Amino acid sequence: MQSVKEVLVVEGRYDKNTLLQVVDAVVIETGGFGIFNDKQKQKLLRSMAEKRGLIILTDPDGAGFMIRNFIKACVPAERLKQAYVPDIHGKEKRKARPSKEGKLGVEGMRGEILLAALKRAGATFSDAQAADFSQKVTKADLYRLGLSGREKSAEKRAALMRELELPEHLSADALLDVVNASMSREEFFSRADLPAEQRQE
């Protein structure tokens, strides 16, 4: 089992239990929306972020993104990494019915999907450092690809995120963060089908 340096932040205990079957790490639960009014837990997250850095791994639904955005406002950006699981429709075995949006949460994900999400986020593993890509994909690249600032950009971005197995609620800025933490500029252009002659700044 691989160890992760950063502290992982999830919504609940079932998410935590699933994650601890995949990696050796410190995992903190937000208690769902409970984090909004829990000053002590907010302070703990800031403290852990300062000492080790945080990786947020919430469910890929609207509620998960509300929690994610709240934590982003509490913790310095330079101490925070974002891990995203893909949109997979279904329900967890322990639940009587699917979630409101019908998507699996962190607890319903296979181990290899969770590991891939952590690697994309740039997690620091004990036996291998995350890749460091010096040339970043930029907002200008997204515009050239028609993924931002143009007619039907949202549709094209959604299609690309499905291809990259990322959740649909990801903004253009969040997409940039994930891409730049997980792949080289050339690999992104290859996946997004941008002709070589258009790849220069």
Side-chain angles (χ1 to χ4, degrees), residues 6 8-11 15 54-73 75 77-78 80-92 98-123 130-201:
E6 292 86 359
L8 309 182
V9 183
V10 298
E11 293 180 48
D15 302 325
L54 296 184
I55 298 178
I56 304 177
L57 185 60
T58 55
D59 292 348
D61 56 12
F65 274 77
M66 285 178 64
I67 294 167
R68 184 184 292 275
N69 289 331
F70 179 83
I71 296 171
K72 284 171 66 176
V75 176
E78 67 273 13
L80 195 61
K81 295 176 180 178
Q82 304 284 341
Y84 300 95
V85 294
D87 290 325
I88 298 176
H89 291 270
K91 76 172 186 68
E92 286 80 10
S99 66
K100 185 177 179 182
E101 294 184 29
K103 299 174 184 176
L104 291 177
V106 170
E107 70 167 284
M109 297 289 160
R110 299 192 311 275
E112 60 266 29
I113 292 176
L114 294 173
L115 263 181
L118 292 173
K119 288 176 180 176
R120 281 199 302 266
D132 177 25
F133 302 117
S134 56
Q135 289 200 323
K136 303 293 186 184
V137 177
T138 66
K139 282 190 173 181
D141 294 323
L142 295 188
Y143 181 78
R144 274 199 294 277
L145 286 163
L147 294 167
S148 177
R150 298 196 188 188
E151 189 178 348
K152 297 188 177 179
S153 286
E155 292 174 27
K156 290 189 70 174
R157 198 164 61 246
L160 177 62
M161 287 190 287
R162 284 193 296 273
E163 163 70 18
L164 298 177
E165 294 189 330
L166 295 172
E168 64 187 16
H169 288 283
L170 226 53
S171 66
D173 285 341
L175 174 62
L176 277 179
D177 289 341
V178 174
V179 164
N180 284 321
S182 62
M183 65 184 73
S184 68
R185 186 177 162 86
E186 281 300 309
E187 183 182 350
F188 174 72
F189 288 144
S190 172
R191 299 288 292 274
D193 295 324
L194 182 65
E197 62 272 14
Q198 296 181 28
R199 298 181 188 182
Q200 300 304 312
E201 288 291 348

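Since the structure is predicted, the reported quantities are computational estimates derived from the model, not experimental observations.
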Task: Summary of salt bridge (charged side-chain N to carboxylate O under 4.0 Å, His left out) pairs that have at least one residue in residues 99-116, sequence neighbours excluded - done: Asp87-Lys103, Arg94-Glu107, Glu101-Lys103, Lys103-Glu168, Arg110-Glu112

Sequence neighbours left out, cut at 3.5 Å: what donor-acceptor pairs do the side chains of residues 154-161 make with other protein atoms?
residue	atom	partner	partner atom	Å
Lys156	NZ	Leu145	O	2.9
Arg157	NH1	Leu147	O	2.7

- [ ] To the nearest 0.5 Å, tell me how far Ile113 CD1 sits from Leu118 CG.
- [x] 12.0 Å

Open item on the list: Measuring only between side-chain heavy atoms, which start at C-beta, is Ile56 closer than 4.5 Å to Ile67?
Closed with: no

Open item on the list: Using modelled atom types and a 3.5 Å cut-off, is there a donor and acceptor pairing between side-chain atoms of Arg120 and backbone atoms of Ala83?
Closed with: no

Open item on the list: Can you tell me how far apart OG (Ser190) and CZ (Arg185) are? Round to the nearest 0.5 Å.
Closed with: 13.5 Å

TODO: Give a yes or no answer on whether the side chain of Asn69 reaches the backbone of Met66 with a donor-acceptor pair at less than 3.5 Å.
DONE: no

- [ ] List the atom of Ala117, the atom of Val85, and the distance in Å for their closest heavy-atom pair.
- [x] CB-CG1, 4.4 Å

Task: With Lys139 via side-chain contact (heavy atoms from CB on, under 4.5 Å) - residues at least two apart - done: Asp173, Leu176

Task: Where Ala123 and Ile55 come nearest, the two heavy atoms and their spacing - done: CB-CD1, 3.5 Å

TODO: Please name the pair of heavy atoms, one in Ile88 and one in Met109, separated by the smallest distance, quoted to 0.1 Å.
DONE: CD1-SD, 3.9 Å

Task: Cation-pi geometry met for Arg191 and Phe188 (6.0 Å, 45°) - done: no

- [ ] Assess Arg144 against Phe189: is NZ or CZ under 6.0 Å from the centre of the six-membered ring, and within 45 degrees of the ring's axis?
- [x] no

Open item on the list: How long is the straight-line distance from CD of Gln82 back to CD1 of Ile71, given to the nearest 0.5 Å?
Closed with: 8.5 Å

Task: Shortest non-hydrogen contact from Pro60 toward Pro86 - done: CG-O, 3.9 Å

Open item on the list: Treating Thr58 as the side-chain partner and Val10 as the backbone partner, does any N or O pair qualify as donor plus acceptor under 3.5 Å?
Closed with: no

Open item on the list: Taking the side chain as everything from C-beta on, heavy atoms only, tell me whether Leu57 gets closer than 4.5 Å to Leu8.
Closed with: no

